[in-house]
Protein chains: 2
Amino acid sequence: MANTAKFDRREVLESATRLFWQKGYHGTSTRDIQQATNLKPGSIYAAFGSKSGLFNEVLHFYAESMADQLAQILSEHHRVTDGLRAFLRHVILEGGDDAPSELCLLAKSLSELEEGEAELLSETRKLLAATEQRFQQALSQAVANAELPANTDTALAARQLQIQLIGLRSYLRATGNRGAVEELIARQFFS
Amino acid sequence: MANTAKFDRREVLESATRLFWQKGYHGTSTRDIQQATNLKPGSIYAAFGSKSGLFNEVLHFYAESMADQLAQILSEHHRVTDGLRAFLRHVILEGGDDAPSELCLLAKSLSELEEGEAELLSETRKLLAATEQRFQQALSQAVANAELPANTDTALAARQLQIQLIGLRSYLRATGNRGAVEELIARQFFS
DNA sequence: AAAGGTGTTGAACGACTGCTCAAAATTGGG
DNA sequence: CCCAATTTTGAGCAGTCGTTCAACACCTTT
């Protein structure tokens, strides 16, 4: 039972995520990944099975990281609505220094995947639904804290949040207008 | 000066638009286009120069068609705000029978194009900005008609409209939840 | 009917794609 | 310290990509 020190799976996932996030699923070649990870095709295929298998893990890796960041930021704010606004600002405006794309990797994948890649597409949809679910939980907490009216439709508000998040990120990519985006984030939960 | 009956440029653009809209710029091969148009590579390259040249024309063709539809629908409604809502409904929910994608071709292109395709990317941004401009003109008309308060920030409202349009289309692609989308469209201009 | 320009054709090019697999290198257990 | 299981290696396969171009078909003019 030899046990050659295998490469660090997490590091590979981080590199691959950056690549896919920047160039998209189709736009990233397996050779791009080989170069970024200093791995040869055999090793990658032994570990992930295929390009789509790797991408599937990248999708989960990304979604989990987003969920962690949301939990982290919520824990740092006393008021849930403040935390949610801070999360929007964080995701949309910060990280922008070296973030691979202004867009959400899930939204980007939702856009480029076709019915031919049915499994990846349905996985993307599942992960987006889970995000919406987390938003709704946070909003329910806000209602419980009396930050929002007791009759608030949290499911509807979570949908709106998700739609705003994707829309705002697209708008930032389209225009680069950070000021406008900041103003629109500040207006959340005031209507 | 011979004048062999050339192929119908508009028909080719329509086929190519459907293809690019459905499969994306990278996901559509020149052979896909050859098959859909019954044209051989030479003809396409003589007419459009390159794949990116063709895509550039497709982008303009699509944007012009959207602008025409907006003008058409606005002309059919007495109140501008009703017309804008009807346009949202039309673009997001109708046409869905055989529309190539739930998403906006411009938003989809904005998502998949990289800095490597700088010209196509900046053209996409320009066309999106023109759309926002048209929204703002319509909203100014609504203010003039006293449908909206005189102090309405039409530039801000146009941005919000654009963001909602892109976000809602993404949401529909993510969930297929037409009912939720319809409710959210109905709420436009009531906040 | 001959001439000559215009448009069409499709085989083919070099580069790139995702992926495979026999061989070599690496390591811990005996 | 060598054996055997595991991991790494990288040349290479079969297919696809965007694109080119010499040969051909066609129509208008003379």
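Since this is a predicted model, take the numbers as computed values, not measurements. Chain letters run A, B, ... following the sequence lines, proteins first and then strands; every chain starts at 1. Computed over heavy atoms, backbone and side chain alike; hydrogens, waters and symmetry mates excluded.
B/Lys40 has a side-chain polar atom (N or O) that falls below the 4.0 Å cut-off from OP1 or OP2 of C/dG10. Phosphate contact (OP1/OP2 of C/dG7, side-chain N/O of B/Ser43, threshold under 4.0 Å): absent.
B/Ser29 comes within 4.0 angstrom of the backbone, heavy atoms only, and of no base. B/Lys51 comes within contact range of the sugar-phosphate backbone alone, with a heavy-atom separation under 4.0 Å but no base atom that close. Contact annotation for B/Thr28: backbone-only contact, meaning every heavy-atom pair under 4.0 Å involves sugar-phosphate atoms and none involves a base.
Computed from coordinates, the B/Phe7 CZ to D/dC26 C1' distance equals 16 Å when rounded to whole Å. For A/Asp8 and D/dT7, the CG to C1' distance is 16 Å, given to the nearest whole Å. With rounding to whole Å, B/His26 atom NE2 is found 13 Å from C/dG18 atom P. To the nearest angstrom, C1' of C/dT9 lies 15 Å from OH of B/Tyr45. Note: CD1 (A/Ile44) to P (C/dT20) measures 13 Å, nearest angstrom. Protein atom CZ of B/Arg31 is 14 Å distant from nucleotide atom C1' of C/dT9, rounded to whole Å. In this structure, CZ of A/Phe55 is placed 13 Å from P of C/dG18, rounded to the nearest angstrom. For the pair A/Phe48 CZ and C/dT20 P, the interatomic distance rounds to 16 Å; values are reported in whole Å.
Take the nearest nucleotide of DNA chain C for A/Gly42 and for B/Gly42: the residue whose nucleotide is more 5' is B/Gly42. Each of B/Gly27 and A/Pro41 has a nearest nucleotide on DNA chain D; the 5'-most of these lies closest to A/Pro41.
B/Thr81 and B/Glu147 form a side-chain donor-acceptor contact under 3.5 Å, judged by distance and modelled atom types alone.
The environment of CD in B/Glu119 is sparse: at most 12 heavy-atom neighbours from other residues, nucleotides or ligands sit within 6.0 Å.
Ring orientation note: the planes of B/Tyr25 and B/Phe20 are tilted relative to one another, at an angle of 30° to 60°. Using cut-offs of 30° and 60° on the angle between ring planes, the pair A/Tyr62 and A/Trp21 is perpendicular.
Remark: side-chain polar atoms of A/Ser65 are not paired, donor with acceptor, to backbone N or O of A/Phe61 under 3.5 angstrom.
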